[in-house]
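Only this structure's heavy atoms are used, side chains among them; waters, hydrogens and symmetry mates stay out. Throughout, residue positions are numbered sequentially from 1 according to the sequence presented. Whatever order the structure lists them in is the order used to number ligands and atoms, beginning at 1.
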Amino acid sequence: MQFTRQDFPQGFLFGTATSAYQIEGHAFGGAGQTHWDTFAATPGNVVRAENGAVACDHYNRMDADLDLIAAAGLDCYRFSTSWARVLPEGRGPVNQAGLDFYDRLADGLLERGLKPCATLYHWELPSPLADLGGWTNPDIANWFADFTETIMSRIGDRMYSTAPINEPWCVGWLSHFMGLHAPGLRNIRATARAMHHVLLAHGRAIETMRGLGMTNLGGVFNMEWANPVDDTPEARAAADLYDGYYNRFFLSGVFHKTYPDNVMEGFAPHMPKGWENDFDIIGTPLDWCGVNYYTRKNIAPNSGPWPSLDEVDGPLPKTQVGWEIYPEGLYNFLTRTAREYTGDLPLHVTENGMANADVLVDGRVDDAARIAYLDSHLAQVRKAIADGAPVKSYFIWSLLDNYEWSLGYDKRFGLVHVDFDTLARTPKTSYHALQNALT
Ligand code: IFM
């Protein structure tokens with residue numbers, strides 16, 4: 001790596017991130033069925049119909065995995081709690097084994113000197129709630145607040161930081177408009193509702209955690225830089241709309257208590273009744289803002305129905321999942337978010353990393369491409385800090401190779417290689433390079 005801790009301001013934190021369904025092994029410990037189990041069981045949705053039943057078996061290997069985080073010299077661990085592990089029916093009876101698991105996780109992190117950074121929801125909605133319309137049902141905000149109360153009454157006292165929902169765009173647009181994530185809908189009305197309700201649920205969860213006396217609460221937003229394919233007004237307007245429904249909708253809702261006009265041109269007829277009255281909950285004040293960043297998209301206008309745009313192939317080098325490597329986008333987002341939305345509020349890079357076609361040869365995984373990716377993005381973080389953006393931490397996605405949703409198990413994002421036959425862990429060259437940089 002081309003950096004050490006000394007290249008960052010004193011107190012800057014380094015971490016790594018995972019999520020429950022992607023690593024735990026959902027078949028273990030009494031977790032209830034989720035919409036990802038049924039989405040994966042439906043032919044055509046997920047590569048080889050793979051699911052999170054076993055994943056990395058983190059449920060049974062937690063201690064060894066936490067040892068890996070500590071030995072890397074990291075400061076923090078960002079994990080998520082599975083709603084269906086804690087409340088198998090989504091509401092009602094509690095699975096004590098689920099609460100106990102997260103309790104052990106919290107203690108295990110603190111024992112190793114690691115800061116626990118929780119995300120309440122990272123996409124595995126309990127099936128009984130999906131049956132009731134899931135994110136399209138306004139009641140989900142209260143169901144989510146009840147889940148928040150249940151899990152955080154148990155572990156909230158030990159969390160360093162907490163965010164309600166990972167990547168609202170994925171919960172809303174990717175899952176209800178593009179149909180690429182559970183529940184796999186392609187419906188504009190469902191999308192408008194889901195995108196509003198996910199923010200309402202975020203706000204209700206923040207209120208609930210404040211009521212429990214918790215501090216250091218934030219939101220985690222994924223952002224993609226929208227690059228117009230050319231300089232025509234049409235291409236610029238298309239990129240502006242992509243930026244609107246991908247990035248600005250959520251930031252604007254939470255930090256400005258309004259939605260962008262260009263998004264409302266498509267959404268207005270489909271919004272739930274009384275949506276305008278929800279902004280005091282949605283915009284309840286936060287202590288920090290998280291940015292998940294991976295890539296940019298090249299946007300071209302088309303003559304089809306709203307949003308009348310296409311994502312087109314771009315010229316930059318790409319990762320294993322075909323995403324262009326564009327580190328400047330991270331600088332753009334950190335500086336723009338501070339300038340236009342959050343001011344002095346601490347910013348955290350809550351996810352950044354790359355999928356690479358890593359192979360284990362003679363006990364080693366040489367992932368030089370990942371080292372270069374991390375170096376180039378960390379250079380942009382330093383540049384943003386130098387230009388005044390209050391960035392306080394950086395989390396690498398991900399600790400382990402894991403279940404990459406509809407792409408299954410062979411897209412490898414980990415600092416640590418996982419053999420999905422034996423579940424053996426092998427730290428990659430990037431893990432060792434990070435260890436050298438941090439210790
Ligand atoms: O694996 C995902 C994660 O669940 C959310 N952020 C992006 C990652 C890579 O696609």
Side-chain angles (χ1 to χ4, degrees), residues 15-26 34-37 39-40 45-47 50-52 55-56 58 77-84 117-125 163-175 178 180-182 198 202 218-225 246-247 250 289-297 311 318-326 329-330 333 348-358 367 369-370 373-374 377 394-418 420 430:
T16 186
T18 64
S19 89
Y21 193 81
Q22 292 179 274
I23 66 164
E24 285 176 1
H26 202 73
T34 78
H35 70 174
W36 262 97
D37 302 306
F39 182 74
N45 285 339
V46 176
V47 173
E50 289 171 345
N51 62 31
C56 304
H58 173 73
Y77 177 50
R78 183 172 167 253
F79 64 96
S80 77
T81 53
S82 164
W83 191 339
C117 304
T119 304
L120 283 153
Y121 180 81
H122 196 127
W123 306 352
E124 65 283 65
L125 189 70
I165 294 169
N166 186 65
E167 301 185 349
W169 177 86
C170 293
V171 180
W173 192 275
L174 185 67
S175 307
M178 299 176 79
L180 297 177
H181 274 196
V198 79
H202 155 92
V220 170
F221 308 95
N222 57 318
M223 303 188 191
E224 267 187 15
W225 195 252
Y246 204 116
N247 307 309
F250 304 101
C289 173
V291 175
N292 290 4
Y293 176 78
Y294 292 88
T295 190
R296 73 172 188 182
K297 285 284 158 57
E311 298 171 18
K318 299 188 175 70
T319 70
Q320 192 191 14
V321 288
W323 295 347
E324 283 190 301
I325 299 173
Y326 182 61
L330 182 53
F333 276 127
H348 299 278
V349 179
T350 31
E351 281 182 32
N352 180 237
M354 79 177 292
N356 195 46
D358 299 320
D367 57 339
R370 178 168 292 104
Y373 182 100
L374 297 176
H377 286 76
Y394 175 86
F395 289 75
I396 297 169
W397 184 271
S398 185
L399 173 66
L400 304 169
D401 293 337
N402 60 46
Y403 180 62
E404 181 53 20
W405 306 109
S406 55
L407 303 178
Y409 284 98
D410 54 19
K411 305 298 183 209
R412 296 183 175 273
F413 274 93
L415 293 165
V416 175
H417 180 275
V418 177
F420 288 106
S430 59

* Asked: Hey, which atoms in ligand 1 end up nearer than 4.0 Å to a heavy atom of W405?
  -> 1 (O), 2 (C), 3 (C), 4 (O)
* Asked: Using the ring of each side chain (for Trp, its six-membered ring), is W36 parallel, tilted or perpendicular to F39, with breaks at 30° and 60°?
  -> perpendicular
* Among Y21, F413, Y294, whose heavy atom sits nearest atom 8 (C) of ligand 1? -> Y294
* **Donor-acceptor contact present, side-chain E124 to main-chain Y21, <3.5 Å** => yes
* Tell me which protein heavy atom sits closest to atom 6 (N) of ligand 1, plus the residue, atom name and distance to 0.1 Å. => E351 OE1, 2.5 Å
* Asked: Does an N or O from W123, backbone or side chain, lie closer than 3.5 Å to an N or O of ligand 1?
  -> no
* Gap between atom CZ of F395 and atom OG1 of T16 - 0.5 Å precision -> 9.0 Å
* To do: Any atoms of ligand 1 less than 4.0 Å from a non-hydrogen atom of E167? List them with their elements.
  => 5 (C), 6 (N), 7 (C)
* To do: Pull out every atom of ligand 1 sitting under 4.0 Å from any heavy atom of N166, numbered as shown with elements.
  => 5 (C)
* Which of the atoms in ligand 1, numbered in the order shown and given with their element, are less than 4.0 Å from a heavy-atom of E404? -> 1 (O), 2 (C), 9 (C), 10 (O)
* Keeping the roles fixed (side chain from N222, backbone from N292), state whether a donor-acceptor pair exists under 3.5 Å. => no
* In terms of ring plane angle, is the pair H122 and W405 parallel, tilted or perpendicular, where the classes change at 30° and 60°? -> parallel
* To do: Compute the minimum heavy-atom distance from H122 to ligand 1 and say whether it is under 4.0 Å.
  => yes
* Asked: Does the gap between the ring centers of F221 and W169 come in under 6.0 Å?
  -> no
* Asked: Could a heavy atom of W323 be found less than 4.0 Å from some atom of ligand 1?
  -> yes
